[in-house]
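The block underneath contains the structure these notes are about, expressed in structure tokens.
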Amino acid sequence: MTSPYPLDDRAALQDFLTRTHTLLQEIATKGGPAGGPIFVPVDLRQLLSDGWTAAGPDLLSLSSSIQTAPEATLSTHGLLGPSLRFKLGVIDRVWRRFAADRIIKWLRKLLHAIDTLLDSIIDALGPAGSAAKELKQALEDLLEELEEPEEG
């Protein structure tokens, strides 16, 4: 089974951030991922969208910081080599489950799996991305109370 991430660790981190940004943007602007059910209740969609407009770009700003970060910093935070590859492997495994079965259970698990790597990136590179991460965590809190949406 092949990973969707590039072989170069820094490129893989950048790709992870891009994929995460895309997923969260789809949920924030459409209420759910492209081609999937709507997870965000109508009364919270605009609030999430507005919050994402303010916080989302910071997630992508981390991507440029990855290229200039010292190797020792990335290594200390488990962002290189086998440690990174394992984290990406876990995320990819859950992402594939969610892609195959777009239900709240797998979205919750995916967002939780993303946290581990995102925490390491933010710890290594500074607070950029923290607002997007907190918005993602608020979305996780919301998903905890929701039932599975009905297929429309």
Side-chain angles (χ1 to χ4, degrees), residues 3-81 83-99 102 104-146:
S3 168
Y5 299 101
L7 294 177
D8 172 74
D9 288 343
R10 290 176 193 259
L13 286 167
Q14 289 175 311
D15 192 58
F16 161 77
L17 289 169
T18 300
R19 290 180 74 202
T20 299
H21 181 273
T22 299
L23 173 69
L24 294 174
Q25 178 146 339
E26 288 173 352
I27 294 169
T29 59
K30 299 174 185 162
I38 303 298
F39 293 115
V40 180
V42 68
D43 62 315
L44 295 175
R45 285 187 202 149
Q46 188 60 51
L47 293 170
L48 176 58
S49 180
D50 292 346
W52 181 252
T53 298
D58 285 346
L59 195 59
L60 290 179
S61 74
L62 287 171
S63 189
S64 59
S65 299
I66 287 169
Q67 283 305 324
T68 58
E71 190 166 320
T73 299
L74 296 177
S75 182
T76 298
H77 289 86
L79 298 174
L80 296 175
S83 179
L84 171 64
R85 292 297 158 175
F86 177 71
K87 292 173 193 175
L88 288 172
V90 170
I91 292 165
D92 184 51
R93 182 185 194 101
V94 178
W95 210 309
R96 282 183 280 122
R97 292 293 302 261
F98 174 65
R102 292 179 180 246
I104 288 176
K105 169 188 170 181
W106 289 113
L107 180 56
R108 282 188 208 122
K109 288 178 182 284
L110 175 58
L111 294 175
H112 184 71
I114 286 170
D115 268 347
T116 303
L117 186 52
L118 193 54
D119 282 343
S120 295
I121 294 170
I122 291 171
D123 287 348
L125 303 178
S130 293
K133 181 183 182 307
E134 289 177 8
L135 202 62
K136 183 197 70 57
Q137 288 174 317
L139 176 61
E140 285 180 74
D141 293 341
L142 173 65
L143 294 175
E144 286 298 322
E145 78 158 52
L146 296 178

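What's counted below: heavy atoms across the whole structure, side chains too, no hydrogens, waters or symmetry copies.
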Stepwise side chain to side chain donor-acceptor pair (under 3.5 Å) check, Asp141 with Gln137: CA-CA 6 Å; Asp141 293 341; Gln137 288 174 317; over 6 Å; no
Leu88 vs Trp95, side-chain contact (heavy atoms from CB on, under 4.5 Å): CA-CA, chis, key distance, verdict: CA-CA 10 Å; Leu88 288 172; Trp95 210 309; over 6 Å; no
Chi angles and distances behind the side-chain contact (heavy atoms from CB on, under 4.5 Å) call for Leu110, Trp106: CA-CA 6 Å; Leu110 175 58; Trp106 289 113; over 6 Å; no
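Side-chain contact check for Pro41 versus Leu142: some heavy-atom pair is nearer than 4.5 Å. The closest side-chain heavy-atom distance from Arg10 to Leu74 is below 4.5 Å. Using a 4.5 Å heavy-atom threshold, the side chains of Leu146 and Val40 count as separate. You'll find the side chain of Ile114 reaches within 4.5 Å of the side chain of Leu23, heavy atoms only. At a threshold of 4.5 Å between non-hydrogen side-chain atoms, the residues Leu62 and Phe16 do not count as touching. In this structure, the side chains of Leu59 and Leu118 come closer than 4.5 Å at one or more pairs of heavy atoms. Proximity of Lys133 to Asp115: side-chain heavy atoms (C-beta onward) are separated by under 4.5 Å at one or more points.
Side chain of Ser61 to main chain of Asp58: a donor-acceptor pair is present (N/O by atom type, distance under 3.5 Å, no hydrogens or angles). Proximity of a side-chain donor or acceptor of Arg108 to a complementary backbone N or O of Leu143 within less than 3.5 Å is detected. Remark: the backbone N or O of Leu24 is not paired with any side-chain donor or acceptor of Lys136 at under 3.5 angstrom. Counting only distance, with no hydrogens or angles, the side chain of Ser75 and the backbone of Glu71 share no donor-acceptor pair below 3.5 Å. Side chain of Thr29 to backbone of Gln25: a donor-acceptor contact under 3.5 angstrom is found.
Taking the ring centre of Phe98 as origin, the terminal cationic atom of Arg102 falls inside the region bounded by 6.0 Å and 45° from the ring axis.
Applying the ring-ring contact (aromatic ring centres under 6.0 Å, His included) test to every pair with at least one member in residues 54-76, sequence neighbours left out, gives no pairs at all.
Taking each heavy atom of Ser130 and Ile122 in turn, the nearest pair found is OG-CG2, 3.6 Å. When all heavy atoms of Gly51 and Leu135 are compared, the closest pair comes out as C-CD2, 3.4 Å. When all heavy atoms of Leu79 and Ala124 are compared, the closest pair comes out as CD1-CB, 3.7 Å. Ser63 and Leu17 make their closest contact through N-CD1, 3.7 Å (heavy atoms, listed as atom of the first residue, atom of the second, distance).
Rounding to the nearest 0.5 Å places CZ of Arg45 at 12.0 Å from CD1 of Ile27. How far OG1 of Thr18 is from NE2 of His21: 8.5 Å, rounded to the nearest 0.5 Å. To the nearest 0.5 angstrom, Lys87 atom NZ is 9.0 Å from Leu13 atom CG. With rounding to the nearest 0.5 angstrom, the CD atom of Glu26 is 11.5 Å from the CZ atom of Phe39. Within the model, atoms CD of Gln14 and CG of Leu60 stand 10.5 Å from one another, a figure rounded to the nearest 0.5 Å. Separating the CZ atom in Arg85 from the CG atom in Asp9 is a distance of 5.0 Å, to the nearest 0.5 Å.
In this structure, Arg93 places its CZ atom where only 12 or fewer heavy-atom neighbours from other residues, nucleotides or ligands lie under 6.0 Å away. Under a cut-off of 6.0 angstrom, the local environment of CZ in Arg97 is sparse, with at most 12 non-hydrogen atoms contributed by other residues, nucleotides or ligands.
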